[in-house]
Amino acid sequence: MLDVKIVRENTAKVLDALKKRNYDSSILDNFLKIESKRRELLKIIEEQREQRNKFSQEIAKLKREKKDASSLLDEAKQISDSITEKEESLRALEEQATQELLLIPNIPHESVPVGKNETENVEIRKWGEPKQLDFLPLNHWDIAEMLNIIDFERASKIAGARFSLMKGMGAKLERALMNFMLDVNTSKGYKEILPPILVNKESMTGTGQLPKFDMELFRIADPEFYLIPTAEVPVTNIHREEILNESDLPIYYTAYTPCFRREAGSYGKDTRGLIRQHQFNKVEIVKFVKPENSYAELEKLTKDAEDILQRLGLPYRVVALCTGDLGFSSAKTYDIEVWLPGQQRYREISSCSNFEDFQARRANIRFKREGKKGTEFVHTLNGSSLAIGRTVVAILENYQQKDGSVTIPEALRPYMGVEVIK
RNA sequence: GGAGAGGUGGCCGAGCUGGUCGAAGGCAGCCGCCUGCUAAGCGGUUGUGGGGGUAAAACUUCACCCAGGGUUCGAAUCCCUGCCUCUCCGCCA
């Protein structure tokens, strides 16, 4: 959520941001219209309240002195009625104003490249060279089937399309990656968290999934819960409605969770294999930092995610998302894309974002500076380190051998207990 | 699932026979005094959000005692609903 004051007083900037994101500017107009009505009415109501309070005090005084107050009571009653009536309209306006404001996306940082869609994202750096195999590389689902480590057919019998069933060394690979990633992250000072994966509406709103993106979420009806699409949701909401001390910051968390996504609107895409699933595992890192440090922290966070790929020896590149491809809540995002020989292309495996105070304002996460009055919103960041399913894909495809076996990256062998899956 | 207790400021904790309550008292924090140092002691001060105001303050006003409704001229205090926490019983991984 943006600062109402900025929206009101710096409308041009917000408008510019909407344009760069290919958003219709009408959402801003709607908001401003309602907001100005709201303020007008609020002013009138507050003046009347002041009057009412004065009457009440007068009445109290008279009663204490055992004097008659009936004439004042009539007048006070009138004002009070008038307030009650107006308060109803005010409530409606407030509700509308917030709803509109919640639909306005974050303002992209000035360093974000301007562009229409993902084709205009900018490559920042590359690590490793796409492997040149001396045989025709297979897709991961073919490799997995030959090794009998993933069973898509039975998964679909049990649950449906876009689910997977890991078996044997496949299941162990998934578990090994989880532990490996958590160990690397915690060794760097990220505190390990195992959060709820069902959350309430407030948490979903706090990080920006609601109200705009309910079509992408799985919801449980009774009692009402949402399945998290990413650990970002429960972990960022750890500090919802809290005022942190300056000395608490920065806070670094890492969490493994399953993630659940409807993938509505992606019917034709990635129908085979592990790339796009309704349920997948992910290790996430989340930071709460002081505003002046958040961009340096974004660089560090991205490097920490890259480090996992480097340790696994997987070639990748980092791209800066352009304004047209940037997520709703994000001010700046780097995607890390891993090389997949089976597809002969780079695919997203991590997304690292600085939300500045956008989520913090929604979730009301503040901090107090030492010796200073008042509070400020913290900046929140997060990134995948990494999406585990896609890491499995990358390992199978990059480490496949001519004989159909898959060697295990050095760093993972202590976790797997074997050097090769065959 | 059954029975009961409770949710007040950074924390603890009064108030809850409605008015002078943004809220006693304590702790913690900050400023100062005092003591050779530390401790103790003494005095003062310290919530959040919005509006107006100012160069910035001062100042002023509205709201906030879990949340949402209601009663009333007036609610932390009375009534209803919801959420959460705790204790006991039952059931269960």
Side-chain angles (χ1 to χ4, degrees), chain A residues 1-10 31-32 34-102 194-206 210 220-226 234 237-249 251 258 288 357-358 360-378:
Chain A
M1 182 161 61
L2 296 176
D3 188 346
V4 182
K5 241 186 225 164
I6 289 177
V7 179
R8 222 162 51 206
E9 291 163 13
N10 224 330
F31 170 74
L32 288 173
I34 292 161
E35 169 65 8
S36 77
K37 270 195 215 160
R38 196 206 63 144
R39 294 190 66 202
E40 246 170 77
L41 187 58
L42 182 65
K43 205 177 160 187
I44 296 168
I45 288 177
E46 290 199 338
E47 279 165 5
Q48 288 196 331
R49 279 178 181 160
E50 184 180 353
Q51 236 183 325
R52 183 198 61 194
N53 289 348
K54 280 186 179 147
F55 273 118
S56 288
Q57 274 171 20
E58 200 57 31
I59 291 166
K61 201 173 144 196
L62 289 176
K63 291 236 166 151
R64 242 176 291 129
E65 294 165 359
K66 309 276 187 224
K67 288 181 186 161
D68 176 52
S70 50
S71 64
L72 281 177
L73 279 176
D74 275 356
E75 260 185 284
K77 171 81 175 148
Q78 268 180 29
I79 294 176
S80 194
D81 286 347
S82 159
I83 292 174
T84 310
E85 194 189 309
K86 291 194 179 74
E87 274 175 339
E88 222 164 292
S89 336
L90 181 69
R91 217 174 300 148
L93 283 173
E94 276 172 350
E95 176 65 25
Q96 276 181 57
T98 348
Q99 282 313 310
E100 295 291 337
L101 188 60
L102 286 175
L194 189 67
I197 59 178
L198 294 183
V199 303
N200 54 32
K201 199 176 221 161
E202 287 71 29
S203 293
M204 281 297 181
T205 307
L210 288 179
I220 293 173
D222 186 24
E224 183 170 88
F225 284 114
Y226 291 86
N237 277 284
I238 288 175
H239 296 297
R240 176 152 53 84
E241 308 288 342
E242 289 185 14
I243 299 174
L244 304 164
N245 294 318
E246 182 176 14
S247 58
D248 295 335
L249 301 174
I251 297 173
F288 300 80
D357 63 5
F358 191 82
R361 182 171 286 108
R362 284 176 166 244
N364 202 17
I365 307 169
R366 293 170 291 169
F367 76 103
K368 211 179 170 67
R369 284 195 200 268
E370 223 80 36
K372 268 194 135 185
K373 264 193 155 185
T375 58
E376 288 175 54
F377 290 108
V378 302

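Values below: every heavy atom of this structure, side chains too, minus hydrogens, waters and symmetry copies.
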Exercise. Taking only residues two or more places apart in sequence, or in another chain, which ones meet A:Arg39 in a salt bridge (charged side-chain N to carboxylate O under 4.0 Å, His left out)?
Worked result: none

For this session: Answer with base, sugar-phosphate or nothing: what part of the nucleic acid does A:Ala76 contact at a heavy-atom distance below 4.0 Å?
Result: sugar-phosphate

Problem set entry | Presence of A:Thr375 side-chain N/O under 4.0 Å of B:rU48 phosphate oxygens OP1/OP2 | no

Exercise. Heavy atoms under 4.0 Å, any strand shown: does A:Lys43 hit a base, just sugar-phosphate, or nothing?
Worked result: nothing

Problem set entry | Which residues share a side chain to side chain donor-acceptor pair (under 3.5 Å) with A:Glu224, sequence neighbours left out | A:Arg219

Problem set entry | Sequence neighbours excluded - salt bridge (charged side-chain N to carboxylate O under 4.0 Å, His left out) pairs with any residue from residues 69-79 of chain A | A:Lys77-A:Asp81

Problem set entry | A:Lys5: salt bridge (charged side-chain N to carboxylate O under 4.0 Å, His left out) partners, not counting sequence neighbours | none

Exercise. Residues two or more places apart in sequence or in another chain: which of them pass salt bridge (charged side-chain N to carboxylate O under 4.0 Å, His left out) with A:Asp3?
Worked result: A:Arg361

Measure all distances between protein nitrogen or oxygen atoms and nitrogen or oxygen atoms of nucleotides 56-63 of chain B, and list the pairs falling under 3.5 Å.
{"unit_1": "B:rC62", "atom_1": "OP1", "unit_2": "A:Asn53", "atom_2": "ND2", "d": "3.1"}
{"unit_1": "B:rC62", "atom_1": "O2'", "unit_2": "A:Glu46", "atom_2": "OE2", "d": "3.3"}
{"unit_1": "B:rC62", "atom_1": "O2'", "unit_2": "A:Arg49", "atom_2": "NH1", "d": "2.9"}
{"unit_1": "B:rA63", "atom_1": "OP1", "unit_2": "A:Arg52", "atom_2": "NH2", "d": "3.4"}

Exercise. Once you round to the nearest 0.5 Å, how far does CD1 of A:Ile251 lie from CG of A:Leu244?
Worked result: 5.0 Å

Exercise. When all nucleic acid strands are considered with a 4.0 Å heavy-atom cut-off, which category describes A:Lys63: base, sugar-phosphate, or nothing?
Worked result: base

Exercise. C1' atom, B:rA63 versus B:rA55: distance in rounded Å?
Worked result: 29 Å

Seminar exercise, completed: Applying ring pair (Phe, Tyr, Trp, His ring centres under 6.0 Å) to A:Phe358 and not counting sequence neighbours gives A:Phe328

For this session: For A:Arg366, answer base if it contacts any base atom (sugar-phosphate contacts may also be present), sugar-phosphate if it contacts only those atoms, and nothing otherwise; contact means non-hydrogen atoms under 4.0 Å.
Result: sugar-phosphate

Contact list (N/O, under 3.5 angstrom) for nucleotides 68-70 of chain B vs protein:
{"unit_1": "B:rG69", "atom_1": "OP1", "unit_2": "A:Arg91", "atom_2": "NE", "d": "3.3"}

Problem set entry | Inter-nucleotide C1' distance (B:rC66, B:rG9), Å rounded | 14 Å

Exercise. Which whole number of Å gives the distance between the P atom of B:rC11 and that of B:rG47?
Worked result: 14 Å

Exercise. Taking the C1' atom of each, how far is B:rG22 from B:rA76, in whole Å?
Worked result: 10 Å

Problem set entry | Nearest-angstrom distance, P atom, B:rC79 to B:rU71 | 15 Å

For this session: Scan residues 1-10 of chain A against RNA chain B and write down, sorted by residue number, each residue with any heavy atom closer than 4.0 Å; if none is found, say none.
Result: A:Lys5, A:Arg8

Exercise. Can you name the residues that form a side chain to side chain donor-acceptor pair (under 3.5 Å) with A:Glu376, not counting sequence neighbours?
Worked result: A:Arg369

Exercise. Going by atom types alone, do A:Ser70 and A:Asp68 pair a side-chain donor with an acceptor below 3.5 Å?
Worked result: yes

Problem set entry | Non-neighbouring partners of A:Glu85 that pass salt bridge (charged side-chain N to carboxylate O under 4.0 Å, His left out), sequence neighbours left out | none

For this session: Provide the full list of salt bridge (charged side-chain N to carboxylate O under 4.0 Å, His left out) pairs with a residue in residues 52-63 of chain A, sequence neighbours left out, each pair given once.
Result: A:Glu50-A:Lys54

